[in-house]
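Below is one structure, written out as structure tokens; comments come after it.
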Number of protein chains: 2
Amino acid sequence: MVKGHHRTTIVDVARHAGVSIKTVSRVLNGQPHVTEDIIRRVKEAAAAVNYHPNMLARALVQRRSHLIGLVYENPSPSYVVDLQKGVLERLRDEHYRLVVIPIASISAHEADVVGLLRSAALDGVVLAPPASDSERIMADLTAASIRFARIAPTRLIEAGPSNLIDDVTAAREIAAHVIGLGHRDIAIITGDPTHASADARMQGFAEAFAAAGITIAPERIATGFYTYESGHAAATTLLARADRPTAILAQNDDMAVGALIAALEAGLTVPGDVSITGFDDSEVARIAWPAITTVRQPVFDMAVAAADMVVAQLKDTPPILCRSHRHELIIRQSTGVAKR
Amino acid sequence: MVKGHHRTTIVDVARHAGVSIKTVSRVLNGQPHVTEDIIRRVKEAAAAVNYHPNMLARALVQRRSHLIGLVYENPSPSYVVDLQKGVLERLRDEHYRLVVIPIASISAHEADVVGLLRSAALDGVVLAPPASDSERIMADLTAASIRFARIAPTRLIEAGPSNLIDDVTAAREIAAHVIGLGHRDIAIITGDPTHASADARMQGFAEAFAAAGITIAPERIATGFYTYESGHAAATTLLARADRPTAILAQNDDMAVGALIAALEAGLTVPGDVSITGFDDSEVARIAWPAITTVRQPVFDMAVAAADMVVAQLKDTPPILCRSHRHELIIRQSTGVAKR
DNA sequence: GTGAAAGCGCTAACAA
DNA sequence: TTGTTAGCGCTTTCAC
């Protein structure tokens with residue numbers, strides 16, 4: 001697709017086959033009402049002149065770029081790769097391509113996002129958090145008539161096709177698990193405050209604490225950013241305190257691994273001295289040692305479903321508006337009974 | 001970009017501003033020879049009618065899709081994300097978009113790859129291993145006049161713009177480090193045999209062994225596939241042998257982490273009972289415990305440079321044909337002096 | 001400095 | 001069943 005000498009077009013094929021360009025077009029698009037004989041002749045001619053259709057011309061007239069975007073901000077490699085794999089899985093046989101649109105800080109660039117998407121001529125986009133919670137982005141997308149589907153939104157569920165997970169319940173369950181092991185001195189490492197998931201997960205924790213009649217001191221709550229480094233830094237501080245917590249609840253796996261390493265560096269054993277939990281069940285949680293107790297969020301499945309929702313809209317199939325995806329508490333070796 | 005009601009076009013803007021479409025085009029593309037006054041009028045008109053250029057029409061006439069592909073097969077999330085980040089870094093201000101093209105088994109689909117790229121209307125592609133070593137793919141790309149640049153090819157360096165790393169020397173250095181620690185009973189977990197890097201790294205290991213007069217028994221060499229699981233499985237077998245090796249050289253970090261976990265599961269200490277090395281310096285190597293001794297491959301830098309080579313060709317800038325990137329031995333905690 | 005008209009390569013009404 | 005013709009929305013000679 002680059003400037004240069006003459007590329008063979010549908011006209012060349014038509015001339016070579018001795019038919020009209022419309023007939024060539026019909027054959028190439030597998031449309032009906034063409035004689036077997038002509039089909040063969042056109043195909044031979046196409047091969048003979050080494051013809052390859054110009055997708056840009058086709059896209060222009062069809063008003064379809066066959067490009068789907070994936071908007072995300074998440075810094076966790078395994079999360080991002082899961083997301084991409086899911087979308088690609090659904091797109092594979094649909095003749096759509098995936099354009100990745102990572103955005104450094106969506107909350108800071110809400111107003112620019114759709115301009116970016118527009119200039120990429122996308123037919124549709126999958127919105128991962130926190131873009132999936134942005135009213136502004138959804139409104140702009142609608143105005144630009146770019147189809148979209150959302151992954152794990154936490155609010156305005158009606159605003160667009162959504163794939164839901166119950167972050168609150170998931171967080172409550174994992175906190176309850178830790179409380180059930182006898183822990184009372186519990187610290188928390190929150191996720192990026194600009195992601196609504198951080199609030200939801202916090203609320204779930206709070207519900208579990210309330211149910212058990214436990215109060216968490218503010219000094220026991222540290223802010224992270226869903227990155228390994230932020231989890232490591234937060235845990236290092238939390239564990240250095242005189243009243244060391246016996247458990248740390250991190251709001252994603254990357255931060256949990258950061259906390260784990262911080263604990264090991266401090267000469268503590270896990271879960272002997274301190275129990276640690278993550279969130280998401282990304283690959284790092286499995287390959288840590290000890291493996292991290294976490295809550296599985298079906299990121300891949302949500303991405304497949306979201307891509308499906310976009311494709312459905314593009315085909316004018318009756319669209320699925322909302323799907324719920326089940327989380328699952330995964331107890332591994334990083335949590336244990338609280339020491340006396 | 002979807003079928004529907006009338007979208008405003010350059011014609012609407014022209015009418016609204018009382019000028020010709022050519023003038024609108026000139027203003028929108030920042031071309032010279034337009035009065036200040038008209039520039040302002042056109043811009044106001046564009047805003048007034050809520051005009052957004054149709055990138056597909058522009059692409060058709062310019063024969064430029066502004067789409068760059070990234071072809072890879074690598075299963076390691078952190079490697080893939082590094083690659084993507086690098087390409088995106090260079091593309092950010094160039095108005096190019098990144099289309100990701102993961103291919104399950106490039107060696108099995110060599111003949112189909114370029115057809116896929118063609119049908120995506122890409123202006124250029126960055127080829128990561130093992131596509132960067134495929135003569136067939138490069139020939140097809142040239143025939144389709146799709147520009148490309150290669151990441152870490154191991155052969156036919158002249159065949160296209162390349163970003164080189166010295167896998168052999170890097171492998172030799174890390175093996176020499178282990179040998180220098182006194183290890184003689186050394187096992188190896190190789191990478192995917194269809195990736196030429198596996199051969200190169202093996203050769204580097206072999207050179208180090210030869211220099212030290214060490215022979216490695218064939219049973220001490222296991223085949224992996226650059227995945228955590230394959231490393232884990234291979235190490236589990238290697239470590240179960242009566243003549244347990246005191247060091248394991250894995251050909252990438254994911255496999256090294258797999259080996260690490262296998263060792264810990266077997267009740268061994270690292271590096272006390274067994275030293276383990278990786279390759280690449282991906283994130284997992286840093287966040288393992290103990291952190292993995294490895295060789296840094298500047299994946300991000302190579303991706304930036306490769307994207308730059310593609311962009312340069314698209315701009316008809318004198319192209320850079322070849323760049324070498326420096327590796328770096330990174331000694332962490334997973335290697336130690338061999339036990340007597 | 002500005003505009004009229006001719007395509008880019010394809011699909012799609014509408015005829016034949 | 002097949003072909004003619006008119007666009008899709010933009011850029012680009014080439015006059016004026």
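Since the structure is predicted, the reported quantities are computational estimates derived from the model, not experimental observations.
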Quick one: which of [options] gets closest to the side chain of [X]?
| X | options | answer |
| --- | --- | --- |
| Gln62(A) | dT11(C), dC10(C), dC8(D) | dT11(C) |
| Ile21(A) | dT11(C), dG3(C), dG9(C) | dT11(C) |
| Asn29(B) | dT11(D), dG9(D), dT11(C) | dT11(D) |
| Val61(A) | dC10(C), dT2(D), dG9(D) | dC10(C) |
| His33(A) | dT12(D), dT2(D), dG9(C) | dT2(D) |

Round to a whole Å and report the spacing from [atom1] of [X] to [atom2] of [N].
| X | N | atom1 | atom2 | answer |
| --- | --- | --- | --- | --- |
| Leu28(B) | dT2(C) | CG | P | 15 Å |
| Arg64(A) | dG9(D) | CZ | P | 14 Å |
| Arg41(A) | dT1(D) | CZ | P | 15 Å |
| Leu56(A) | dC8(D) | CG | C1' | 13 Å |

Salt bridge flag under 4.0 Å for residues Arg40(B) and Glu36(B):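 Not counted as a salt bridge, because no side-chain N and carboxylate O are separated by less than 4.0 Å.
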With a 4.5 Å heavy-atom cut-off, do Leu127(A) and Leu141(A) have their side chains touching? yes
Side chain proximity check, Thr8(A) to Val13(A), heavy atoms < 4.5 angstrom: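 No - every pair of side-chain heavy atoms lies 4.5 Å or more apart.
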Are [X] and [N] close enough that a side-chain N or O sits under 4.0 Å from OP1 or OP2?
| X | N | answer |
| --- | --- | --- |
| Asn54(B) | dC8(D) | no |
| Thr23(A) | dT2(D) | no |
| Arg63(B) | dT11(D) | no |
| Thr9(B) | dG9(D) | no |
| Arg58(A) | dT11(C) | yes |
| Gln31(A) | dT11(C) | no |
| Thr35(A) | dT1(D) | no |

Taking atom OG1 of Thr154(B) and atom NE2 of His195(B), what is their separation to the nearest 0.5 Å? 11.0 Å
Starting at the 5' end of DNA chain C, which residue's closest nucleotide do you reach first, Ala57(B) or Gly18(B)? Gly18(B)
Considering heavy-atom distances to DNA chain C, does Pro32(B) or Ile10(A) have its closest nucleotide positioned more toward the 5' end?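 Its nearest nucleotide being more 5', the pick is Pro32(B).
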When we call it a touch if two heavy atoms are under 4.0 Å apart, what does Val11(A) touch: a base, just sugar-phosphate, or nothing?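 Counting heavy atoms under 4.0 Å across all strands, no contact is made by Val11(A).
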Does the dA12(C) base have a donor-acceptor partner in the side chain of Lys22(A) within less than 3.5 Å?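 Side chain to base: pair found, below 3.5 Å.
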For His52(B) and Arg26(B), take the nucleotide of DNA chain D holding the closest heavy atom to each; which residue's nucleotide lies nearer the 5' end? His52(B)
Is the CD atom of Glu44(B) crowded by more than 12 outside heavy atoms at less than 6.0 Å?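 Yes, because the 6.0 Å sphere around CD of Glu44(B) holds more than 12 heavy atoms from other groups.
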Paired with Leu67(B), the side chain to side chain contact (heavy atoms under 4.5 Å, CB included) test is passed by just one of Leu117(B), Val125(B), Leu122(B), Asp123(B), namely Leu122(B)
